[in-house]
Amino acid sequence: MEAASYSGVLSRAKLPASNHHKFNPTVCTHTRSITSVPCRASEGLHDLHKTSAQALTFVSSDSSSKRTSIVGGSYLCGPVMRRNPAGKALCTGGVATYGENVVEDQSHSHATEDKVGVLLLNLGGPETLHDVQPFLFNLFADPDIIRLPRLFRFLQWPLAKLISILRAPKSKEGYAAIGGGSPLRKITDEQANAVKMALEAKNLSVSVYVGMRYWYPFTEEAVQQIKRDRITRLVVLPLYPQFSISTTGSSIRVLQSIFRGDAYLSRLPVSIIRSWYQREGYINSMADLIQKELEEFQKPEEVMIFFSAHGVPVSYVEDAGDPYKDQMEECICLIMKKLKDRGINNDHTLAYQSRVGPVQWLKPYTDEVLVELGQKGVKSLLAIPVSFVSEHIETLEEIDMEYKHLALESGIENWGRVPALNCTPSFIADLADAVLEALPSASAMSTPMSISEEDDYDPVKYAIKMFFGSILAFVLLLSPRMIHAFRNHLL
Ligand SMILES: C=CC1=C(C)c2cc3[nH]c(cc4nc(cc5[nH]c(cc1n2)c(C)c5CCC(=O)O)C(CCC(=O)O)=C4C)c(C)c3C=C
Ligand SMILES: [Fe+2]
C-alpha cells in the first residue's frame with residue numbers, strides 16, 4: 001500500500017503544463033496484444049507528475065524514505081462550488097455519520113479526545129438526467145481532465161461549458177439506459193457504512209465521510225463536516241485501486257487546496273492512501289469474483305479472461321508520468337498469479353475502454369479487441385472491470401450493453417461479466433485494514449496557495465477571464481476543423 005503522510009509543503013515548482021488535449025481528429029490504429037506482462041515491482045513513477053504547479057514532500061509508509069512528489073495541476077476549485085445550485089443542501093442523503101456531533105462553533109482548536117475520520121473519495125455521478133450536463137461541466141472544468149497549458153487556462157471553463165453541452169445528449173442516453181442516473185452515490189454510501197462497521201469490528205470507532213469530485217456530496221461538503229465533527233486524525237481513501245492524475249491525483253489536489261489556508265485543517269494529521277491495487281485482500285477478492293463467475297461457464301478453462309480498464313489519454317502516461325498504466329498491468333499480473341495459484345490457467349487480456357474526445361488514449365481499445373477476439377475464434381469471454389470498485393455507467397451500460405452486443409456480433413457466443421466489488425465483505429475488510437495500517441503515519445498536510453489559485457478567488461479577475469475566455473473559446477471552437485473533431489469524437 002502506498003500511503004503518503006504529508007509533512008508540509010516545501011516548495012512550489014512552476015512547471016510547464018505542456019500536455020493539453022489537441023482537438024484534432026485521430027485515426028485509431030492499434031495492435032492487439034494478449035497480455036502476459038511479467039509481474040514487476042511498482043516503479044515509483046507515481047511520485048512524479050510533471051504537470052503540477054505545486055510540490056510537496058511526503059513520507060511513504062512502506063519505505064519511510066523521503067521523496068518529492070508533485071501532484072496534479074494548478075487548482076481551480078471555483079467551477080464546482082460556484083456552479084452548484086445554491087438550493088442543494090449540504091450532504092443530503094449522505095452517509096449515516098453526517099450530521100453526528102455537529103458543532104456550529106468553528107473554533108480551530110483540536111479537541112483532546114481522539115476522533116478518527118475516514119474520507120472516501122470518489123468521482124460522483126449525476127443522479128438524474130437533469131444533472132448530466134452540470135456534472136459534465138464539473139468534470140471537464142477539472143484541469144486534471146482537460147489539461148491546458150498555463151497560458152490557456154482561462155479557456156478552461158468556457159471549454160468545459162461547450163464540451164459539456166455537446167456531450168450531454170450522448171451521456172444522457174447512457175444514463176437513461178441504466179435507470180436515469182448513476183448508482184455511484186448509493187453504492188459509495190453503502191461502502192462507507194460497511195467500512196465503518198468493519199472498523200468497529202476491529203475495535204476502531206470512526207466517522208466515515210464521502211467526498212465526490214464532480215457531484216454531490218462534494219469533497220468540500222465532506223471536509224466541512226469533518227471540521228464540524230472536530231475530527232483529530234483523518235485517513236483519506238480514494239476508491240480507485242490504481243493511481244491516476246485524472247482521478248486520485250485530481251481529488252488530492254482539491255483536498256490540498258481546501259486544507260490550505262485553514263488553520264484547523266492544515267494542522268489536522270492526515271494519511272492519504274494513494275493507491276492500493278496490490279493489497280493482498282483486494283487481489284484475493286477480485287480472484288474470488290473471477291473464479292466464481294468462471295464456474296458459470298460450461299467449459300470454464302476455455303474462457304478468455306478479459307480485463308477492461310477505464311482508459312486515460314496516452315499523454316498522461318508518456319508526458320506527465322501518470323503511473324496508471326504500470327499499476328494497471330501490475331494489478332492484472334497479481335490477479336492472474338493469484339488465479340494460477342488456485343489452478344486457474346486461462347488466457348487473459350487487458351484493454352482500455354471509455355475514451356472521450358479526439359486524442360490518443362491508452363491502447364488496445366476494448367471495442368477493437370473484442371472484435372478481433374471474435375474473429376480469431378474465441379467463443380467464451382468473461383469481462384472484468386478493473387479500474388473501479390462499484391457499478392457505474394461504464395459497467396452497466398458500456399460493458400453490459402454496448403460491448404456485450406459487439407462481442408456477440410463478432411462471434412463470441414458465451415458472455416459473462418464479473419460484478420464490481422461493491423460491498424463484498426472480504427474487500428470491505430481489506431479497506432478497513434488499509435485504514436488501520438495508514439493511521440499511524442498521519443501527519444499535518446498544508447500547502448500554500450499559488451498565485452494563479454488566488455486569482456481564481458478574485459471575482460473581478462474571474463469575470464474578466466470568463467468573458468474573454470468565452471469569446472475566444474467560441475471563435476476557436478466553431479471553426480470547421482473543431483466542429484468536425486467534436487462530431488466524430490464527442491457525439
Ligand atoms: C479509474 C477510473 C477513471 C479514470 C482514469 C477516468 C478518466 C477520465 N474520464 C473522463 C471522462 C468521463 N468519465 C465519465 C464517467 C466516469 N469516469 C469514471 C472513472 C474514471 N475516469 C467513472 C466511474 C465514471 C462514471 C460515473 C457514473 O456516473 O457512473 C464521463 C461521463 C459519462 C460519459 O459521458 O461517458 C466522462 C465524460 C476523462 C476525459 C478521463 C481522463 C482524462
Ligand atoms: Fe471517466
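Basis for what follows: all heavy atoms, side chains included, without hydrogens, waters or symmetry-related copies. When a ligand or atom number is given, it counts from 1 through the structure's own listing order.
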**Item:** 2.8 Å cut-off (strict), protein N, O or S atoms about the Fe ion (ligand 2)
**Value:** 1
**Message:** Determine whether I335 and H348 satisfy the following criterion, side-chain contact (heavy atoms from CB on, under 4.5 Å), listing intermediate values before the conclusion.
**Reply:** CA-CA 11 Å; I335 296 172; H348 74 281; over 6 Å; no
**Backbone of H392 reached by a side-chain donor or acceptor of T395 within 3.5 Å** = yes
**Residue pair S271 / S441: nearest heavy atoms and the distance that separates them** = OG-OG, 3.3 Å
**F388 neighbourhood, listing ligand 1 atoms whose heavy-atom distance to it stays under 4.0 Å** = 23 (C)
**Item:** Options V359, L139, I163, I146, ranked by nearest heavy atom to atom 36 (C) of ligand 1, top entry
**Value:** L139
**Prompt:** Do M445 and I272 come within less than 4.5 Å of each other through their side chains, counting heavy atoms only?
**Reply:** yes
**Prompt:** Partners of E391 by salt bridge (Lys or Arg N to Asp or Glu O under 4.0 Å), sequence neighbours excluded?
**Reply:** R417
**Prompt:** Which residue from E397, E173, H310 reaches closest to atom 21 (N) of ligand 1 through any of its heavy atoms?
**Reply:** H310
**Message:** Heavy atom to atom 38 (C) of ligand 1, shortest distance: which of Y214, Y175, F140, W361 holds it?
**Reply:** W361
**Message:** Taking distance alone, with N or O pairs closer than 3.5 Å, would you say Y324 contacts ligand 1?
**Reply:** no
**Prompt:** If you measure every N/O of R167 against every N/O of ligand 1, is any gap under 3.5 Å?
**Reply:** yes
**Prompt:** Counting heavy atoms only, which part of L136 comes closer than 4.0 Å to ligand 1: side chain, backbone, both or neither?
**Reply:** side chain
**Message:** Can you give me the closest heavy-atom contact between Y324 and S244, atom names plus distance?
**Reply:** CD1-CB, 3.7 Å
**Asked** Hey, is the main chain of L123 close enough, under 3.5 Å, to the side chain of Y240 for a donor-acceptor pair?
**Response** yes
**Item:** F137-F135 aromatic ring centre distance below 6.0 Å
**Value:** no
**Fill in**
To the nearest 0.5 Å, atom CD1 of I245 lies from atom CD1 of I252 at 11.5 Å
**Value rounded to 0.5 Å, distance of OH in Y214 from CG in D142** = 3.5 Å
**Item:** Contact atoms of ligand 1, heavy-atom distance to G125 under 4.0 Å
**Value:** 28 (O)
**Request:** Would you check the N or O atoms of S182, main chain and side chain alike, for any that come under 3.5 Å of an N or O of ligand 1?
**Result:** yes
**Complete:** One finds that the ligand 1 atoms under 4.0 Å from a non-hydrogen atom of Y316 are 42 (C)
**Request:** Specify side chain, backbone, both or neither for E394, according to which of its non-hydrogen atoms lie closer than 4.0 Å to ligand 1.
**Result:** side chain
**Asked** Which part of I393 is near ligand 1, with near meaning a heavy atom under 4.0 Å away: side chain, backbone, both or neither?
**Response** both
**Asked** For P313, is at least one N or O under 3.5 Å away from an N or O on ligand 1?
**Response** no
**Asked** For K338, which residues count as a salt bridge (Lys or Arg N to Asp or Glu O under 4.0 Å) partner, sequence neighbours excluded?
**Response** E280
**Prompt:** How would you list, by chain and number, every residue that makes a salt bridge (Lys or Arg N to Asp or Glu O under 4.0 Å) with E190, sequence neighbours excluded?
**Reply:** K186
**Request:** May I ask you to check whether W361 and Y352 place their ring centers less than 6.0 Å from one another?
**Result:** no
**Message:** Tell me the contacting part of S387 for ligand 1: side chain, backbone, both, or neither, using a 4.0 Å heavy-atom threshold, strictly below.
**Reply:** both
